[in-house]
Amino acid sequence: MSPPELSLRDVSVSIKGKSILQGINLNLEKGEHMALTGPSGSGKSSLLKVVMGVLPVSSGHVEIEGQALSSKTVFALRQKIAYIDQSSAMGAESVEDALMLPYTFKAMQDKEPNREELLHYLDLLAFDKKILHEKCSVLSGGQQQRLSLIRALLLKRPLILADEVTASLDAENKERVMDLLQNCQASILSISHDKEWIERCPKTLVLNSGEIVSGEGDG
Amino acid sequence: MGSTVDIPFERMLLLYALMLIPLGLFYREQLGLIKETCVALLRMTAQLLLVGFYLFYVFHWNSIFYTSLWVAIMLLSANLAILKKSGLRRQVFFKSTMMSIALSTCGVSFFALFVVIQPSPPYDARYIIPIVGMLLGNTLRSNIVSLERFYSSVRDHRDTHLVKLMLGAELSEAVAVHFKEALRAAIRPTLATMATVGVVSLPGMMTGQILGGGEPLIAAKYQIAIMIQIFVVMVLSSYLNIRMSLKNAFDEYGNLKEEIWLE
């Protein structure tokens, strides 16, 4: 049996003596979609940061495709993750450069994005292809977020981590993004307060004060 | 060409009397700078006289030990000044800053002295100390600018840094844009100086040599030599300093450590 895409075992995190996460257990199977919800300050973003190897754990284990996350494996395991952040940081001046950014890094230099697929995603998310020549600084938060989603999907990584991916979108675009994500083959762990998106996810975890208070962690 | 005319003590006092003009202006305009100016004037006088006194003996002995000791003191002072002014913690950056400024300054000045200028003896304190001093003085500014600019920029673009790491960048790739910006900011002022030197102002070393009775053409050659050294040392030390500091300033996961900043 193949290992789950993502597995957390008894994960606890403390920062300067303050407990941020306590005893988190969860399994995210391949292709599974899970929503992570809870009040502000409940530890949702911290949990995502733990999986990204940004926030080191105080105790417990994180595994991605059966490989333990550590300082030695973090850069390799990040190649399995596509992250769509809330801040819409694009990391380049023009939209095209931002979409091509991952392919400028050593780890991705031998790979190329599929142009047809890119145009297909632009079309699905109601963008004209002229947007490729726009400057990122003139785009709205919602446009940047949708483009971050396209960039993440083009990478074809097995695990998508999304932080409030529908937050800055109008009703129409929200629907488009939710459809796209729902049909995505990758495993998705997404922070959300959006009831519609949460309802579309087969699994939901509710966090409060750094602990899972309801939902199936399957851990 | 003659030697430098000494300034007698009583006539030096006349120069100090000149300071009454700005002090009077400060008083009249209530700028609140009188105390600060007096302290700075006293410090400058004491520091330069002490250095003059110390260098008199260093030059007199012309011993490789005392010259090296003075160079080490200059390196240490430069290091502490760079870290204090850039707002970064000594505990994190001392080693990388020391290595980068020592390697670049000593390497370039030794090349200039032993290969190009070739004084006799090659460790002549009259050459080593002013040259290393001038190199360090200029390195100071470029390292303050490059370190401060680089780490502030990474901190201010934390989200973009994280996104790049998550897109598969190695640490050096994720910080590349900040690295380039910091180096440009550190290098540009010296480039501007190089392009205008001699036209807008006569540089200090050349002025000193001419006042000291030196030939203007030889003074110009020394000035060119020192400008090239300053530029090379400035670029090399700023580059090495950021590169060498990455290991201590970022954790093993590629995150900028919080504790790098002075409170």
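The sequence lines fix the lettering, A, B, ..., with proteins before strands; numbering per chain opens at 1. Only a predicted model underlies this, so the values are computations on that prediction, with no experimental measurement involved.
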J.: Heavy-atom cut-off 4.5 Å, strictly under: side chain, backbone, both or neither for Leu155(A) against chain B?
T.: side chain
J.: If you count heavy atoms of other groups shown closer than 6.0 angstrom to NZ of Lys257(B), is the number above 12?
T.: yes
J.: Heavy-atom count check: over 12 atoms from other residues, nucleotides or ligands less than 6.0 Å from Met100(A) CE?
T.: yes
J.: Identify the heavy atoms of Tyr253(B) and Pro56(A) that sit nearest to each other, and give their distance.
T.: CE1-CG, 4.0 Å
J.: Does atom CZ of Arg243(B) have more than 12 heavy-atom neighbours, drawn from other residues, nucleotides or ligands, at distances under 6.0 Å?
T.: yes
J.: Within a 6.0 Å radius of atom NZ on Lys95(B), are there more than 12 heavy atoms belonging to other residues, nucleotides or ligands?
T.: no
J.: Any donor and acceptor pair, going by atom type alone, linking the side chain of Arg157(A) with main-chain N or O of Leu167(B) inside 3.5 Å?
T.: yes
J.: For Lys85(B), does the NZ atom have more than 12 heavy-atom neighbours from other residues, nucleotides or ligands under 6.0 Å away?
T.: no
J.: Counting a contact as any heavy-atom pair under 4.5 Å apart, which residues of residues 113-125 of chain A contact chain B?
T.: none
J.: Which of residues 62-70 of chain A get closer than 4.5 angstrom to chain B, counting heavy atoms alone?
T.: Ser70(A)
J.: Which residues from residues 168-199 of chain B are near chain A, with near meaning under 4.5 Å between non-hydrogen atoms?
T.: Gly168(B), Ala169(B), Glu170(B), Leu171(B), Glu173(B)
J.: Kindly check if the number of other-residue, nucleotide or ligand heavy atoms within 6.0 Å of CZ (Phe94(B)) is above 12?
T.: yes
J.: So for atom CD, which belongs to Glu259(B), do other residues, nucleotides or ligands contribute more than 12 heavy atoms lying within a distance under 6.0 Å?
T.: yes
J.: With a strict 4.5 Å heavy-atom criterion, list every residue of residues 40-55 of chain A that contacts chain B, or say none.
T.: Met52(A), Gly53(A), Val54(A)
J.: Surrounding CD of Gln182(A) (heavy atoms of other residues, nucleotides or ligands, distance under 6.0 Å), is the total greater than 12?
T.: yes
J.: Check Leu165(B) against Arg78(A) and note the closest heavy-atom contact, atom names and distance.
T.: O-CD, 3.7 Å
J.: Hey, which of Lys72(A), Arg151(A), Met108(A) has the most heavy atom pairs under 4.5 Å with chain B?
T.: Arg151(A)
J.: Would a 4.5 Å heavy-atom cut-off, applied to side chains only, mark Lys164(B) and Leu101(A) as touching?
T.: yes
